[in-house]
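Side-chain atoms are counted along with the backbone in the values below, which use heavy atoms only and exclude waters and symmetry mates.
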Amino acid sequence: MVRREGEYRRERRPQYRGAPGEVLVEHLLTPEEYFHKGRLFARCTLQPGSGVGYHEHHGEMESFYILSGQAQVTDEKGNCCLVGPGDTLVTSSGEGHSILAVGDVPLVYLAVILFQHDPV
């Protein structure tokens with residue numbers, strides 16, 4: 001199977017989790033295609049100043065791989081760091097995070113959310 005650029009299901013999430021701006025989510029695979037082992041495999045785009053508000057993960061983990069742009073990431077302890085192309089962020093079950101696109105170009109990253117255990 002080949003899914004070409006422009007064929008992904010696109011979803012816009014304004015003020016996602018209370019953050020400014022919006023997130024463009026392009027679903028690269030459907031849950032059926034990854035055997036329902038998670039709930040997201042997507043390319044996400046945030047314009048400068050846009051973000052995903054703080055939230056926690058329970059019974060799942062989330063990983064971001066930064067393709068382009070820069071972001072300020074804050075964890076559940078309030079620690080902040082800057083990430084950029086080639087960096088990976090991992091948030092395990094019981095942890096939380098937020099992300100804010102900073103700089104002059106859009107932040108583009110791959111996001112994967114996998115379940116800790118198979119869903120019942």
I need the minimum non-hydrogen distance between Ala111 and Cys44, along with the two atoms involved.
CB-SG, 4.0 Å

Linked, directly or transitively: Tyr54 and Val73 (ILVMFWY side chains, under 4.5 Å):
no

For the residue pair Leu107 and Gly69, what are the closest heavy atoms and their distance?
CD1-C, 4.0 Å

Quick one: are Val112 and Leu110 in side-chain contact, heavy atoms under 4.5 Å?
no

Taking the side chain as every heavy atom from C-beta outward, state whether Phe64 and Thr91 have any atom pair closer than 4.5 Å.
no

Could you state the interatomic distance from OG1 (Thr30) to CZ (Phe41), rounded to the nearest 0.5 Å?
11.5 Å

Nearest 0.5 Å, please: how far is CD in Glu7 from NE2 in His27?
15.5 Å

Check: Leu40 main-chain N/O paired with Tyr34 side-chain donor or acceptor under 3.5 Å
yes

Min side-chain heavy-atom separation Ser93-Met61 under 4.5 Å
no

Please round to the nearest 0.5 Å and tell me the distance separating atom CD of Glu76 and atom OG of Ser92.
9.0 Å

Test item: side-chain donor near acceptor, His97 and Glu95, under 3.5 Å
no

Counting C-beta onward and ignoring hydrogens, is there a side-chain heavy-atom pair between Val83 and Leu89 closer than 4.5 Å?
no

Interatomic distance, Gln70 atom CD to Asp87 atom CG [nearest 0.5 angstrom]
9.0 Å

Please report the closest heavy-atom contact between Gly103 and Pro48, naming both atoms and the distance.
O-CB, 3.3 Å

Sub-4.5 Å side-chain heavy-atom contact between Thr88 and Ser63:
yes

Measure the CG-OG distance between Asp75 and Ser98 for me, rounded to the nearest 0.5 Å.
9.0 Å

In terms of side-chain geometry, is the basic nitrogen of Arg43 or Glu5 positioned less than 4.0 Å from the acidic oxygen of its partner?
yes

So Glu60 and Glu62, do their side chains get closer than 4.5 Å, heavy atoms only?
no

Donor-acceptor check, side chain of Arg3 to backbone of Leu28, threshold 3.5 angstrom: yes or no?
yes

Nearest heavy-atom neighbours spanning Ile99 and Ala71:
CG1-CB, 3.6 Å

Heavy atoms only: give me the nearest Ala42-Val25 pair and the separation to one decimal.
CB-CG1, 3.7 Å

As a quick check of understanding, evaluate side-chain contact (heavy atoms from CB on, under 4.5 Å) for Arg17 and Val23, giving each step before the final call.
CA-CA 10 Å; Arg17 299 187 183 271; Val23 182; over 6 Å; no

Given 3.5 Å as the limit, does a donor-acceptor pair link the side chain of His55 with the main chain of Gly53, or not?
yes

Separation between CD of Glu33 and NE2 of His36, rounded to the nearest 0.5 Å:
10.0 Å

State, to 0.1 Å, how close Leu100 and Gly49 come at their nearest heavy-atom pair, and which atoms those are.
CD1-O, 3.5 Å

